[in-house]
S.K.: 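Here you go, one structure.
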Amino acid sequence: MEKLKVNEAACISCGACVGMYPDLFGFVNNDTAEVIVDNIPEDRKEDAINAIEGCPTGAIGYEEEKVA
Ligand code: SF4
């Protein structure tokens, strides 16, 4: 399973992802954006790709979920 993540170190808090998809991204704990859903539903994968491509610093990407 792949999880969408925001690299906090790379996020410049521009708000693009949150503005485009406020149900997928949010400013929750601090000034950097976070993914606010556990997994991106199949029908939102295209939106996730749009967000990845729309992030000016490339801070959004998929990360392999670590299996304990
Ligand atoms: S689009 Fe990228 S830089 Fe802008 S708030 Fe989202 S993650 Fe941060």
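Numbering of ligands and ligand atoms starts at 1, following listing order.
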S.K.: Tell me the closest heavy-atom pair linking C55 and I60, and the distance in Å.
M.R.: CB-CD1, 3.9 Å

S.K.: Who's the nearest protein heavy-atom neighbour of atom 7 (S) of ligand 1, and how far?
M.R.: I60 CG1, 3.7 Å

S.K.: Given side chains that start at C-beta, do those of L24 and C17 come closer than 4.5 Å, heavy atoms only?
M.R.: no

S.K.: Taking atom CG as the centre, does D31 end up with more than 12 heavy-atom neighbours from other residues, nucleotides or ligands that are less than 6.0 angstrom away?
M.R.: no

S.K.: May I ask you to check whether C14 brings an N, O or S atom to under 2.8 Å from atom 2 (Fe) of ligand 1?
M.R.: no

S.K.: Heavy atoms only: give me the nearest I40-A48 pair and the separation to one decimal.
M.R.: CG2-CB, 4.1 Å

S.K.: Which heavy atom of the protein is the closest neighbour of atom 3 (S) of ligand 1, given with residue, atom name and distance?
M.R.: I12 N, 3.4 Å

S.K.: Atom 2 (Fe) of ligand 1: which protein heavy atom is closest, and how many Å away?
M.R.: C55 SG, 2.3 Å

S.K.: Of N50, I49, D23, L4, which meets side-chain contact (heavy atoms from CB on, under 4.5 Å) against R44?
M.R.: D23

S.K.: Considering only the protein, which heavy-atom contact is closest to atom 5 (S) of ligand 1, and what is its distance?
M.R.: G15 N, 3.3 Å

S.K.: Looking only at protein heavy atoms, which one is nearest to atom 6 (Fe) of ligand 1, and what is the separation?
M.R.: C17 SG, 2.3 Å

S.K.: Between N30 and E8, is the side chain to side chain contact (heavy atoms under 4.5 Å, CB included) condition met? List the steps.
M.R.: CA-CA 10 Å; N30 48 44; E8 287 187 20; 4.0 Å; yes

S.K.: Considering only protein heavy atoms, which is closest to atom 8 (Fe) of ligand 1, and at what distance to one decimal place?
M.R.: C11 SG, 2.3 Å

